[in-house]
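First the structure, in the form of structure tokens, and then the observations on it.
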Amino acid sequence: MTQMRLVVVGASGRMGRVLIRAVDEAPDLLLVGAIDQPGSEFIGRDAGELAGLPPLGVKISDDALTHFAAADGVIDFTVPQATVGYAALAAQARIVHVIGTTGFSPEDEEKIAAASRHAAIVKSGNMSLGVNLLAALVRRVARTLDEGFDIEVLEMHHNRKIDAPSGTALLLGQAAAQGRGVTLEENGVFTRHGHTGARKAGDIGFATLRGGSVVGEHNVIFAGQAERIELAHKAEDRGIFARGALAAARWARGRKPGLYSMADVLGLADF
Ligand SMILES: NC(=O)C1=CN([C@@H]2O[C@H](COP(=O)(O)OP(=O)(O)OC[C@H]3O[C@@H](n4cnc5c(N)ncnc54)[C@H](OP(=O)(O)O)[C@@H]3O)[C@@H](O)[C@H]2O)C=CC1
Ligand SMILES: O=C(O)C1=N[C@H](C(=O)O)C[C@H](O)C1
């Protein structure tokens, strides 16, 4: 098969730079575009140089439309508003859209679902193999244990992160809720402050820590009477997310339009 031509949007971001290096290392992939928002100080710079590589001959641009028209897929770790716009453009160009961005509102989610009627979208709050396997384990454990075990999701990230709880924490909370046969809308508890009263049986609680340079750490705690089960994942390098995103792009190439998850990509949906 010919090389898959990819555009990285949010090219100058933490993930954008890691993705440019990961695409460059993959012989079956070709970087054909690197997009930042209009007005970015990086427009016109060489994408390779920005990512700490020799020049790649791909300039950072704000012209997404032209680059999408010449690509097979777009890898997007940006911000919700940008991703919703790129979903519409990728749908128009009928190209694969891999979405790693987190922090979407329900309205954003609806727009992305609408775009997925025209193009294959793979979207996940965490693209790593480890976290998606963890989610499958959480679902299984939650299915086994009854409400005698309280479920709490704890996460820590670097001090630049702008959304909470993390996309991964939500993904893990959803897995726990699915296992229990409930929904996060009904059972999720996202803040506790002041005189909260005792914990309600069946709640799925979330706690958020921010600080330093932590790439991403998640714990799912099943707390029972006199015993506790803890399942955890610690990300040590953003390369794990980039590798997952590129695996998703390869998997989605040629696939029919739809909204897919990393569980689909990794074959974990029925785990
Ligand atoms: N699913 C997963 O596995 C992972 C998801 N993430 C998620 O990815 C997202 C990005 O994370 P991270 O790289 O750390 O964040 P950064 O802030 O470092 O990067 C985001 C980049 O997007 C750019 N951007 C903003 N608007 C646009 C636009 N309209 N077009 C193009 N680029 C735009 C920003 O530019 P500017 O600085 O000029 O605003 C910035 O360079 C977050 O939502 C994060 O939670 C992160 C890691 C893994
Ligand atoms: O913003 C980050 O850095 C990360 N975001 C994702 C999330 O919200 O879970 C994934 C990863 O944990 C890093």
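When a ligand or atom number is given, it counts from 1 through the structure's own listing order. Here, residue 1 is the first one in the sequence, and each next residue gets the next number. From a predicted model like this one, the values you see are computed outputs, not experimental measurements.
The closest protein non-hydrogen atom to atom 14 (O) of ligand 1 is R14 NE, 3.0 Å. Of the protein's non-hydrogen atoms, the one nearest atom 11 (O) of ligand 1 is M15 CG, 4.4 Å. Among protein heavy atoms, atom 31 (C) of ligand 1 sits closest to Y86 OH, 3.1 Å. The nearest protein atom to atom 20 (C) of ligand 1, hydrogens excluded, is given as F77 O, 3.8 Å; this is a heavy-atom distance. For atom 3 (O) of ligand 1, the closest heavy atom belonging to the protein is M127 N, 2.8 Å. Among all protein heavy atoms, the one lying closest to atom 35 (O) of ligand 1 is Q37 NE2, 3.8 Å.
Counting the atoms of ligand 1 from 1 in the order shown, those under 4.0 Å from a heavy atom of V79 are 25 (C), 26 (N). Ligand-side atoms of ligand 1 in range of S12: 41 (O), range being under 4.0 angstrom from any heavy atom. Taking every heavy atom of N126 and a limit of under 4.0 angstrom, the matching atoms of ligand 1 come to 1 (N), 2 (C), 3 (O). Near K161, with a cut-off below 4.0 Å to any heavy atom, the atoms of ligand 1 are 45 (O). Within the listing of ligand 1, atoms 3 (O), 47 (C), 48 (C) sit less than 4.0 angstrom from a heavy atom of F241.
At a 4.0 Å heavy-atom cut-off, ligand 1 does not touch A245 at all.
Taken together through direct or relayed side-chain contacts under 4.5 Å among Ile, Leu, Val, Met, Phe, Trp and Tyr, I43 and V74 form parts of separate hydrophobic clusters. Under a hydrophobic clustering in which Ile, Leu, Val, Met, Phe, Trp and Tyr are joined whenever their side-chain heavy atoms come within less than 4.5 Å, directly or via other members, F77 and L31 fall into the same cluster. Transitive grouping of hydrophobic side chains (ILVMFWY, heavy atoms separated by less than 4.5 Å) keeps I99 and L19 in distinct clusters.
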Could you walk me through whether V96 and M4 pass the side-chain contact (heavy atoms from CB on, under 4.5 Å) check? CA-CA 10 Å; V96 168; M4 185 172 188; 4.2 Å; yes

Could you give me the CA-CA distance, side-chain angles and deciding distance for F104 and K111, then say whether side-chain contact (heavy atoms from CB on, under 4.5 Å) is met? CA-CA 10 Å; F104 294 107; K111 289 178 186 157; over 6 Å; no

As a quick check of understanding, evaluate side chain to side chain donor-acceptor pair (under 3.5 Å) for D63 and S61, giving each step before the final call. CA-CA 6 Å; D63 181 3; S61 163; 5.3 Å; no

Could you go through the side-chain contact (heavy atoms from CB on, under 4.5 Å) check for L246 and I75 one step at a time? CA-CA 8 Å; L246 299 189; I75 314 286; 4.2 Å; yes

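Here E109 pairs with K123 in a salt bridge; the nearest charged N to carboxylate O distance falls below 4.0 Å. Here E155 pairs with R210 in a salt bridge; the nearest charged N to carboxylate O distance falls below 4.0 Å.
Between the side chain of D203 and the main chain of G205, no donor-acceptor pair closer than 3.5 Å is present. Side chain of R94 to main chain of A91: a donor-acceptor pair is present (N/O by atom type, distance under 3.5 Å, no hydrogens or angles).
Within the structure, ligand 1 lacks V9 among the residues with a heavy atom less than 4.0 angstrom away. Taking a 4.0 Å cut-off on heavy atoms, S40 fails to register as neighbouring ligand 1. Using a 4.0 Å heavy-atom cutoff, G125 is listed among the residues neighbouring ligand 1. Taking 4.0 Å as the cut-off, E41 does not count as a neighbour of ligand 1 on heavy-atom distance.
Within 6.0 Å of atom CZ in R140, 12 or fewer heavy atoms from other residues, nucleotides or ligands are found, so the atom counts as exposed in its surroundings.
At under 3.5 Å, not a single nitrogen or oxygen of R238, backbone or side chain, sits near a nitrogen or oxygen of ligand 1. For ligand 1, the polar-atom distance check finds an N/O of G13 within less than 3.5 Å of one of the ligand's N/O atoms. Checked against a 3.5 angstrom limit, the closest N/O atoms of H158 and ligand 1 fall outside it.
Protein residues having at least one heavy atom under 4.0 Å from any atom of ligand 2 are T102, G125, N126, H157, H158, K161, S166, G167, T168, V215, H218, F241, listed by chain and number.
Ranked by closest heavy atom to atom 9 (C) of ligand 1, the top entry among N132, T102, T78 is T78. With distances taken over non-hydrogen atoms, the option nearest atom 7 (C) of ligand 1 out of P80, G100, G10, A82 is G100.
How far CD1 of I35 is from OG1 of T66: 8.5 Å, rounded to the nearest 0.5 Å.
For atom 37 (O) of ligand 1, the nearest protein heavy atom is 4.0 Å or more away.
Closest non-hydrogen pair, A223 versus R228, comes out as CA-CG, 3.9 Å. When all heavy atoms of Y86 and A64 are compared, the pair lying nearest together is CE2-CB, 3.6 Å.
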